[in-house]
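Along the sequence shown, residues are numbered consecutively beginning with 1.
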Amino acid sequence: MAEAADTQGTSPSPARRWLRRTGALAAGAPLLAGLLQLPAASEAHAAEKSSLVEAGGSGVVDVALDSLTPGVPTDGDTVTISGTVRNNGKQPVTDAHVGIRVGGSVSSRAAIDAAAKRGAFNQYSDGTEVGGKYVEKFSRLTPGVAQSFSISVPVKELDLGADGVYQLGVSLTGRTAATPYERVLGIQRTFLPWQPDTAETKTKTTYLWPLISTSHLMAETGPGEQQTPVFQNEDLAHEISPGGRLDQLLSLGKELNITWVIDPDLLASVDAMTRSYRVKSGNETTAGKNQAVAKRWLGGLEKAVQGEEVVALPFADPDIASLAHNGKNVTGSLSHLKDATDVAADTVETVLHVKPETDFSWPVDGAVDPSIVKVATSAGADKVIARSDSLQDTRNLTYTPNAARPIGGGTTAVVADARLSTAFQGDMTKADNATLAVQKFLAQSLMTDLQAPDKQRSVVIAPQRMPTASQAQTMAQALTALQNGNWSQSQDLSAAADAKPDPNATTKVPAAAAYPTSLRKQQLPTSAFETILDTQVDLNRFKVVLTDKSRVVTPFGRVMNREMSTSWRGRATEAGVYRDSVQSYLGTLTDQVRLIEKSETKLSGRSATIPVTVQNNLVQGVDKLVLRLTSLQPKRLEIDGKDYAEQTIRVSGGHSQSVKFDTNANANGEVAVEAQLYTEDGQKYGPSVTFDVNVTEFTPTVMLVIAGGVLLLVLAGFRMYTQRKRAAAQQAAEEGTEEATAVEETSDTAVLAADGLKEESRARSGEDEPGHPSDPPTDTALESADPSGTGERVDR
């Protein structure tokens with residue numbers, strides 16, 4: 001944000017400091033004149049200049065400020081500065097001491113930036129040492145060895161005058177063998193905001209506190225009815241565990257006046273972790289064990305947000321800029337954004353039991369152009385969180401205007417302050433970096449208020465989306481000091497968005513060409529959105545056959561939202577792997593409903609049935625599937641009298657079903673047949689199965705030969721039967737005549753012969769008929785060891 005008055009410089013020092021410095025210069029004037037007459041004056045000046053440059057840049061001695069308390073002092077306070085000094089040179093430093101220097105107050109926000117970048121020590125800009133007892137002495141600084149210091153000085157000794165931002169330097173002064181005179185060997189600068197009394201008009205400050213993470217849940221779920229969620233790893237458990245990044249954001253945020261900005265996907269993921277879940281481990285999954293951690297974190301968040309403003313981003317925090325630049329022309333991409341927005345409120349309300357604001361869109365780093373604004377508002381949001389280094393001031397204002405800007409079409413751009421929003425993006429694990437960042441943040445905030453002390457303004461601060469634990473701690477430290485200060489008051493984001501826009505503030509959205517190249521390189525490519533489209537097409541084909549569509553549609557809908565997440569920026573490889581895993585798993589589910597492969601089928605007749613089996617290995621049933629059996633040679637083999645036949649099928653979960661088709665063969669030999677599943681709307685489902693049908697039909701000639709053979713066998717049998725019947729009748733007649741002639745002589749023999757004939761007859765016919773009680777007794781000779789004669793009945 002440009003400022004006409006933003007020029008490097010200092011404001012006049014307080015009268016007391018001015019008098020002291022004027023006196024010192026006057027007393028030193030004769031000495032300075034004498035020195036200029038010495039032949040060695042030029043050499044001394046060169047040496048001094050060299051020492052100043054050396055003390056700036058890398059410096060002979062490195063001075064680090066580990067803490068400065070209080071960051072915003074008032075009357076009666078004592079400022080304590082602690083840190084370390086390290087000799088980076090090759091020679092020991094002797095007769096050294098650390099002192100505090102107070103420079104002049106800066107005149108603008110740009111001057112703060114310039115002062116922070118200044119390198120070499122400058123007596124006039126860095127001011128004189130407070131001196132006296134407010135120094136810490138070191139007899140010797142050994143090269144490479146760090147030594148600690150801590151100096152406490154009452155505020156009244158700093159000679160601070162009017163309200164403002166003062167430059168504060170901590171310098172190391174000493175000697176080396178090469179330069180035995182005293183000089184400044186190292187200095188570290190920071191800022192001291194000075195506002196001892198409450199400002200008449202305070203700046204309303206909104207600080208967004210983001211609870212956002214990467215995508216953790218996979219498309220894959222555990223088997224069975226419960227659909228146990230599967231996590232990529234246990235990284236989320238680590239983030240919400242005590243001391244983790246998200247745990248720090250929660251514990252720190254609940255003590256501050258902030259606006260919570262939450263990704264509903266994070267809530268859904270932690271909520272899933274409170275129950276049974278599994279973790280991917282190679283090709284297998286293992287049981288998750290962090291349910292207690294998830295319950296503790298989620299319970300703490302629910303308690304923290306009660307009565308506070310909560311802004312819900314679209315589910316999984318979709319990358320608005322990537323969608324606008326690379327995805328909006330891919331069919332269905334914008335519908336995913338709308339779906340992600342619609343589900344956001346329900347998710348937050350279900351998990352946290354608060355009603356969130358859902359009409360805000362937050363492009364990456366607040367960078368906007370017309371296409372980003374159009375996409376951001378397409379899903380229902382009417383407020384876009386931009387940043388002042390994107391929506392830049394073009395009217396040379398001397399103050400920071402209100403955050404709210406109408407940009408047309410009923411859309412409001414809520415412009416976050418770039419300097420304040422980027423204050424904590426560096427490495428905050430080092431105490432020196434954190435201390436400098438806090439003091440510079442406080443200085444920029446106070447200077448914003450001092451730009452137009454009689455003009456009420458609303459300032460929004462939108463930090464990085466996923467601050468580290470150390471960054472969160474530094475943010476909290478700065479906010480605590482700010483909220484305890486005298487020039488700022490907290491305000492919700494909604495109130496900042498509703499504030500009256502400044503008529504002098506720019507409302508022109510920058511052109512697409514102004515979008516930062518560094519951000520453009522990190523965008524999701526068009527191919528990513530095309531992959532998501534392929535997944536959606538496959539899902540549409542799959543869901544129509546399911547009896548319980550929600551078991552698949554809902555989880556895959558959320559997964560496709562995650563595929564568009566802003567968190568994939570800078571992680572192109574991981575994003576591609578995730579998208580591939582989604583497609584692969586959907587293919588695995590689709591393949592659970594399939595045709596069983598068939599070997600060759602034989603038909604031994606003109607007409608027969610062909611069975612085809614459909615297998616369903618899903619937990620739920622499938623219906624509205626159509627099975628089509630097609631003859632690839634319909635002139636030789638017909639299916640239900642046509643080229644093909646269809647049957648609608650329904651298969652319960654975990655079962656198979658065989659479907660039979662009637663066929664008619666017109667010729668012998670092999671005929672190829674294809675089975676294919678279709679959805680109800682005629683789309684192919686899964687791969688087809690092709691098999692051969694071998695027709696082996698009997699011809700009429702063969703049937704005639706077989707019939708003739710059977711007839712001949714019947715006639716031959718009848719002829720043999722007739723001949724035997726005639727022979728038996730003739731023999732019976734002859735035996736009857738002989739019996740009548742000899743009846744008187746051999747009656748006993750006749751009886752025996754008759755019995756013999758009966759026995760023979762039974763033997764021939766296979767009968768074993770017992771004798772009747774009226775039959776005459778058989779006369780037999782005395783028992784003999786000789787075998788019985790043929791036809792004799794032997795009683796033993």
Side-chain angles (χ1 to χ4, degrees), residues 11 65-75 77-83 100 102-117 155 158 160-170 188-199 201-209 252 255-258 399-400 416-426 428 431-451 453 457 459-463 467 470-491:
S11 63
L65 306 184
D66 295 342
S67 68
L68 192 161
T69 56
V72 183
T74 59
D75 287 327
D77 284 341
T78 295
V79 176
T80 299
I81 303 175
S82 301
I100 299 175
V102 179
S105 62
V106 295
S107 59
S108 65
R109 300 187 69 184
I112 294 175
D113 296 335
K117 296 176 182 178
V155 170
L158 299 178
L160 302 175
D163 297 347
V165 174
Y166 289 86
Q167 300 178 69
L168 186 70
V170 179
Q188 181 62 274
R189 300 179 185 84
T190 186
F191 302 96
L192 195 65
W194 178 242
Q195 177 77 43
D197 299 320
T198 301
T201 304
K202 291 185 176 183
T203 300
K204 294 182 178 180
T205 305
T206 301
Y207 202 102
L208 307 186
W209 199 255
L252 295 168
E255 303 297 332
L256 302 168
N257 294 321
I258 53 171
Y399 59 89
T400 301
D417 186 87
R419 287 188 177 99
L420 297 175
S421 297
T422 59
F424 308 107
Q425 290 187 352
M428 298 294 118
D432 179 60
N433 291 348
T435 299
L436 297 180
V438 168
Q439 293 307 121
K440 186 177 180 182
F441 173 87
L442 295 171
Q444 288 285 359
S445 176
L446 175 56
M447 186 54 64
T448 300
D449 187 74
L450 294 174
Q451 288 173 333
R457 283 161 297 147
V459 174
V460 172
I461 304 171
S470 60
Q471 288 172 344
Q473 292 165 358
T474 309
M475 288 159 50
Q477 181 183 346
L479 270 182
T480 300
L482 178 64
Q483 292 172 2
N484 290 333
N486 292 324
W487 68 86
S488 174
Q489 67 183 67
S490 300
Q491 179 178 242

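Remark: the S445 side chain and the W487 side chain contain an N/O donor-acceptor pair separated by less than 3.5 Å.
A pairwise comparison of heavy atoms in A437 and A423 identifies CB-O, 3.6 Å as the closest pair. L420 and Q444 make their closest contact through CD2-CB, 3.7 Å (heavy atoms, listed as atom of the first residue, atom of the second, distance). The two residues L446 and G164 have their closest heavy-atom pair at CD2-O, 3.5 Å. When every heavy atom of A116 is checked against every heavy atom of F191, the shortest pair comes out as N-CZ, 3.8 Å. Heavy-atom minimum distance, Q167 versus A115: OE1-CB, 3.7 Å.
Scored by the ring-ring contact (aromatic ring centres under 6.0 Å, His included) test, F441 finds F424 as partners (sequence neighbours excluded). With sequence neighbours excluded, the residues forming a side chain to side chain donor-acceptor pair (under 3.5 Å) with Q491 are S458, listed by chain and number. Residues forming a side chain to side chain donor-acceptor pair (under 3.5 Å) with T78 (at least two apart in sequence, or on another chain): none. Qualifying side chain to side chain donor-acceptor pair (under 3.5 Å) partners for T201, counting only residues two or more places apart in sequence or in other chains: none. Considering only residues two or more places apart in sequence or on other chains, A472 meets the side chain to side chain contact (heavy atoms under 4.5 Å, CB included) condition with L249, L252. For A416, the side chain to side chain contact (heavy atoms under 4.5 Å, CB included) partners two or more places apart in sequence, or in a different chain, are R387, S421, V460, A462. In this view, D113 and R419, K440 satisfy the salt bridge (charged side-chain N to carboxylate O under 4.0 Å, His left out) rule, not counting sequence neighbours. Judged as a side chain to side chain contact (heavy atoms under 4.5 Å, CB included), and not counting sequence neighbours, D197 has no contacts. Among residues two or more places apart in sequence or in another chain, the side chain to side chain donor-acceptor pair (under 3.5 Å) test is passed with T206 by none. With sequence neighbours left out, the side chain to side chain contact (heavy atoms under 4.5 Å, CB included) criterion links P453 to no other residue.
Within the 4.5 Å cutoff, side-chain heavy atoms of N486 are placed close to those of T74. Using a 4.5 Å heavy-atom threshold, the side chains of L192 and V165 count as separate. Residues Y166 and L160 form a side-chain contact, since some pair of their non-hydrogen atoms from C-beta on lies under 4.5 Å apart. Under the 4.5 Å side-chain criterion, counting only non-hydrogen atoms from C-beta, V459 is not in contact with K204. Under the 4.5 Å side-chain criterion, counting only non-hydrogen atoms from C-beta, L168 is not in contact with R189. Between P193 and Q439 the shortest side-chain heavy-atom distance falls below 4.5 Å. Put simply, the side chain of Y207 reaches to within 4.5 Å of the side chain of P463, judged on heavy atoms. Y399 is not listed as a side-chain neighbour of L450, based on a closest heavy-atom distance of 4.5 Å or more.
When each of T435, V438, N433 is checked for a side chain to side chain contact (heavy atoms under 4.5 Å, CB included) with T474, only V438 meets the rule.
Taken from CD in Q188 to CG in D432, the straight-line distance is 5.0 Å, to the nearest 0.5 Å. To the nearest 0.5 Å, atoms CG (L68) and CD1 (I81) are separated by 4.5 Å. In this structure, the separation between CD1 on I461 and CG on L208 is 8.5 Å, given to the nearest 0.5 Å.
Between D417 and R109 there is a salt bridge, since at least one side-chain N of the basic residue sits less than 4.0 Å from a carboxylate O of the acidic one.
A donor-acceptor pair under 3.5 Å is absent between the side-chain atoms of Q195 and the main chain of G485, judged by distance alone. Remark: the backbone N or O of T448 is not paired with any side-chain donor or acceptor of T400 at under 3.5 angstrom. Between the side chain of W194 and the main chain of G161, a donor-acceptor pair closer than 3.5 Å is present.
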* **side-chain hydrogen bond (donor to acceptor under 3.5 Å, both in side chains) assessment of T205 paired with S488** => CA-CA 6 Å; T205 305; S488 174; 2.8 Å; yes

* Asked: After noting the C-alpha distance and the side-chain angles of T203 and D449, does the key distance pass the side-chain hydrogen bond (donor to acceptor under 3.5 Å, both in side chains) rule?
  -> CA-CA 6 Å; T203 300; D449 187 74; 2.9 Å; yes

* Residue pair V72, N484: steps toward the side chain to side chain contact (heavy atoms under 4.5 Å, CB included) verdict -> CA-CA 8 Å; V72 183; N484 290 333; over 6 Å; no

Identify each donor-acceptor pair in which a side-chain atom of residues 475-483 lies under 3.5 Å from a protein atom, sequence neighbours left out, and give them as a table.
unit_1: T480; atom_1: OG1; unit_2: A476; atom_2: O; d: 2.7
unit_1: Q483; atom_1: OE1; unit_2: N257; atom_2: N; d: 3.4
unit_1: Q483; atom_1: NE2; unit_2: N257; atom_2: O; d: 3.0

